[in-house]
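Predicted model, so just to flag it, every value in this text is computed and none were measured. Here is the naming used below: chain letters follow the sequence lines, and residue numbers restart at 1 for every chain. Values below: every heavy atom of this structure, side chains too, minus hydrogens, waters and symmetry copies.
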Amino acid sequence: MMLTPPNSESELIERAQQLAGLTLAQLAARFNLPVPTDLRREKGWIGQLLEQALGTTAGTLPKPDFMELGIELKTIPIDRCGKPLESTFVSTIHLLGVSRLTWESSYVYQKLKRVLWVPILAEKHLSIADRQIGTPFLWSPDTEQMAALRQDWQELTDMIALGELEKITARHGRYLQIRPKGANAKALVTGINENGERIKTLPRGFYLRALFTKTLLQDYF
DNA sequence: GTCTGATCATGA
DNA sequence: TCATGATCAGAC
């Protein structure tokens with residue numbers, strides 16, 4: 001089953017709303033997809049299922065999932081109280097040439113300026129099949145959120161530009177944090193140290209803290 | 001290797 | 001209990 005991409009924001013949100021209440025087993029059945037018994041070896045399975053169900057267009061490009069609409073799709077696992085169970089991955093980080101980047105040209109800004117959040121009731125006691133799709137909502141950062149995200153991004157990007165990459169831990173950043181994002185500890189990329197020398201280091205990514213996404217969900221529900 | 005989709009597993 | 005650091009799968 002192939003889906004045509006949505007032509008407008010309203011068509012997209014309408015589609016997403018029609019999925020609310022379905023279990024993952026019900027949605028997977030529409031695509032004749034087997035449901036894994038756990039996500040240990042298929043961590044992205046839920047996100048990919050929703051991509052199929054909503055007709056994303058970006059594929060593997062580093063672009064918002066709905067390229068033409070400039071909208072990013074994010075599934076977010078929540079408990080029955082609507083509290084996020086995980087942080088949210090935003091983008092990988094280019095460790096070279098960051099000094100030329102601006103906030104507006106960054107992947108973080110491009111992806112977060114408009115997001116379709118699809119909550120998934122995903123408490124651990126529920127099998128993957130029984131996890132349930134919640135009410136989706138479109139979000140853009142408000143003034144305060146945007147300013148804070150921009151500041152986090154700038155501070156962290158500055159540290160990378162100064163060669164302080166190895167000093168960055170997940171404790172930096174108010175809403176955005178930087179954490180490893182790679183296949184494993186052996187997957188290394190090139191970065192720059194304080195002396196301007198090329199070093200091999202773990203790939204990193206920007207993530208939204210669960211404490212931040214929790215506030216988004218509270219604003220909408 | 002680089003990107004996407006994320007969750008796992010463990011120590012604090 | 002919770003966040004950090006580590007890890008898994010697939011496309012290209």
Return the nearest nucleotide to the side chain of [X]; candidates are [options].
{"X": "A:E42", "options": "B:dT4, C:dT7, C:dA9", "answer": "C:dA9"}
{"X": "A:P77", "options": "B:dT7, C:dA9, B:dG5", "answer": "B:dT7"}
{"X": "A:P180", "options": "C:dG5, C:dA9, B:dG5", "answer": "C:dG5"}

Whole Å only: how far is the [atom1] atom of [X] from the [atom2] atom of [N]?
{"X": "A:I93", "N": "B:dG1", "atom1": "CD1", "atom2": "P", "answer": "18 Å"}
{"X": "A:L24", "N": "B:dA6", "atom1": "CG", "atom2": "P", "answer": "12 Å"}
{"X": "A:R179", "N": "C:dA3", "atom1": "CZ", "atom2": "P", "answer": "10 Å"}
{"X": "A:W117", "N": "B:dG5", "atom1": "CH2", "atom2": "P", "answer": "12 Å"}
{"X": "A:Y107", "N": "B:dG5", "atom1": "OH", "atom2": "P", "answer": "12 Å"}
{"X": "A:I178", "N": "C:dA6", "atom1": "CD1", "atom2": "C1'", "answer": "17 Å"}
{"X": "A:L85", "N": "C:dT4", "atom1": "CG", "atom2": "P", "answer": "16 Å"}
{"X": "A:H94", "N": "B:dC3", "atom1": "NE2", "atom2": "P", "answer": "4 Å"}

Under 4.0 Å between a side-chain N/O of [X] and OP1 or OP2 of [N], yes or no?
{"X": "A:R41", "N": "C:dG10", "answer": "no"}
{"X": "A:T88", "N": "B:dA6", "answer": "no"}
{"X": "A:Q48", "N": "C:dA9", "answer": "no"}

Exercise. Identify, between A:L202 and A:A210, the residue whose nearest nucleotide on DNA chain C lies closer to the 5' end.
Key: A:A210
Using distance alone, with no hydrogens and no angle criterion, decide if [X] and [Y] have a side-chain donor and acceptor under 3.5 Å apart.
{"X": "A:E155", "Y": "A:Q151", "value": "yes"}
{"X": "A:Q145", "Y": "A:W139", "value": "yes"}
{"X": "A:R15", "Y": "A:Q17", "value": "no"}

Quiz item: If you find the nucleotide of DNA chain B closest to A:V189 and the one closest to A:D65, which residue's nucleotide is nearer the 5' end?
Solution: A:V189
Quiz prompt | 5'-most by nearest nucleotide on DNA chain B - A:K124 or A:E72 | solution = A:E72
If you look at every strand shown and take non-hydrogen atoms under 4.0 Å, does [X] touch a base, only sugar-phosphate, or nothing?
{"X": "A:R40", "result": "sugar-phosphate"}
{"X": "A:K186", "result": "nothing"}
{"X": "A:A185", "result": "sugar-phosphate"}

Self-check item: Full working for side-chain hydrogen bond (donor to acceptor under 3.5 Å, both in side chains) between A:T190 and A:K200
Solution: CA-CA 5 Å; A:T190 302; A:K200 284 295 179 186; 3.0 Å; yes
Quiz item: Hey, does the side-chain of A:Y207 have a donor or acceptor N/O within less than 3.5 Å of a partner on the base of B:dA6?
Solution: yes
Quiz item: Donor-acceptor pair under 3.5 Å: do we get one between A:K181's side chain and the base of B:dT4?
Solution: yes
Quiz prompt | Flag, side chain of A:Y207 to backbone of A:P180, donor-acceptor distance under 3.5 Å | solution = yes
